[in-house]
Amino acid sequence: MSLNLEDKKAVVAEITAEVAKAQTVIIAEYRGIGVASMTTLRKQARESGVYLRVLKNTLARRAVAGTPFAELADQMVGPLVYGISEDPVAAAKVLNTFSKKDEKIVIKAGSYDGKVMNAAEVAVLASIPGREELLSKLLYVMQAPMAGFARGLAALAEKKSEGVAAPVEAAEAPAEEATA
């Protein structure tokens, strides 16, 4: 179905807004993919916070013009799905993981930090831990010294309470013998 001029302007405006917030744009060819597979891919992208859309390449080129992703326009040929994310690795992770399950998704290129990446570089980007995983590791690292300190204090308190309890019991025994 062909879009009229107003619809095309709306699509370009929507994509431009997404690209303005994005840190990463990944493009992949989807030739021959089934509807069920595409639905699964869209669901995974939504869960990961990735904006995933099939676009006309001319509209995508207009949307990225004048942005750090403008150099990616040369790669926009053929039936493509565009993964756009604010998280630097989310789009790469979603598309790379899915391309391993379904060979019909072929990563063509990507752009991060103003640099165009080939498929191998996108795979390397996808191997980097995501934001949530990095935050959980940071929290663990921050908690470890506090937890160790708390365990040390608990052990010290337990040791002192054992040391105090023994003399009290010894002191109670002579007092009982004196009354007897």
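Keep in mind that the numbers below use all heavy atoms, side chains included, and drop hydrogens, waters and symmetry copies. Keep in mind the model is a prediction, meaning the values are calculated, not measured. In what follows, residues are counted from 1 in the order of the sequence shown.
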Original post:
Is any side-chain heavy atom of Asp102 closer than 4.5 Å to a side-chain heavy atom of Thr40?
Top reply: no
Original post:
Looking at side-chain heavy atoms only, is the closest gap between Val54 and Met38 below 4.5 Å?
Top reply: yes
Subject >> Atom pair CG/NZ of Asn4 and Lys9 - distance to nearest 0.5 Å >> reply: 10.0 Å
Subject >> Val50 vs Arg46 side-chain heavy atoms within contact, under 4.5 Å >> reply: no
**OP:** Taking all non-hydrogen atoms of both residues into account, name the closest pair between Leu134 and Pro129 and its distance.
**Re:** CD1-O, 3.7 Å
Original post:
Going by side-chain heavy atoms closer than 4.5 Å, which hydrophobic residues are tied to Leu138, directly or by a chain of links?
Top reply: Met142
**OP:** Supply the atom-to-atom distance Lys43 NZ to Leu52 CG, rounded to the nearest 0.5 angstrom.
**Re:** 14.5 Å
Side chains of residues 78-93: which donor-acceptor partners sit under 3.5 Å, not counting sequence neighbours?
| residue | atom | partner | partner atom | Å |
| --- | --- | --- | --- | --- |
| Tyr82 | OH | Asn57 | OD1 | 2.6 |
| Ser85 | OG | Asp87 | O | 2.6 |
| Ser85 | OG | Ala91 | N | 3.3 |
| Asp87 | OD1 | Val89 | N | 3.3 |
| Lys93 | NZ | Ala126 | O | 2.8 |
| Lys93 | NZ | Ile128 | O | 2.9 |

Original post:
What residues form a salt bridge (charged side-chain N to carboxylate O under 4.0 Å, His left out) with Arg151, not counting sequence neighbours?
Top reply: none
Subject >> Results of side-chain contact (heavy atoms from CB on, under 4.5 Å) for Glu14 - residues two or more places apart only >> reply: Tyr51, Arg53
Original post:
Below 4.5 Å, heavy atoms only, C-beta onward: do Val11 and Lys8 meet side chain to side chain?
Top reply: no
**OP:** Could you pull out the closest heavy-atom pair between Ser111 and Phe69, with the gap in Å?
**Re:** OG-CD2, 3.3 Å
**OP:** Give, for atom CD of Gln143 and atom OG of Ser136, the distance between the pair rounded to the nearest 0.5 Å.
**Re:** 10.5 Å
For a quick test of your reading: what N or O donor-acceptor pairs under 3.5 Å do the side chains of residues 25-32 make, sequence neighbours left out?
| residue | atom | partner | partner atom | Å |
| --- | --- | --- | --- | --- |
| Glu29 | OE2 | Arg31 | NE | 3.2 |

Subject >> Reference residue Lys108; test side-chain contact (heavy atoms from CB on, under 4.5 Å); the match among Asn118, Leu72, Val77, Val122 >> reply: Val77
**OP:** Taking all heavy atoms of Met76 and all of Ala60, pick out the closest pair and write down the distance.
**Re:** SD-CB, 3.9 Å
Original post:
Has Arg61 got more than 12 heavy atoms of other residues, nucleotides or ligands less than 6.0 Å from its CZ?
Top reply: yes
Subject >> Main-chain N/O of Val94 paired to Thr97 side chain as donor or acceptor, under 3.5 Å >> reply: no
Original post:
Which atom pair, heavy atoms only, marks the closest approach of Tyr112 to Met117?
Top reply: CB-CE, 3.9 Å
Subject >> Intermediate values then yes/no, side chain to side chain contact (heavy atoms under 4.5 Å, CB included), Val64 and Ile15 >> reply: CA-CA 8 Å; Val64 299; Ile15 302 306; 5.7 Å; no
Original post:
Is there a side-chain contact between Leu125 and Thr24 (heavy atoms, below 4.5 Å)?
Top reply: yes
Subject >> 4.5 Å side-chain heavy-atom contact, Leu135 and Leu139 >> reply: no
Subject >> Gap between atom OG1 of Thr39 and atom CD1 of Ile33 - 0.5 Å precision >> reply: 9.0 Å
Subject >> Test side-chain contact (heavy atoms from CB on, under 4.5 Å) applied to Lys115 - qualifying residues, sequence neighbours left out >> reply: Asp113
Original post:
Is the side chain of Ser48 donor-acceptor paired with the backbone N or O of Ala45 at a distance under 3.5 Å, no angle test?
Top reply: no
Original post:
Under 4.5 Å between any side-chain heavy atoms of Val19 and Thr16, yes or no?
Top reply: no
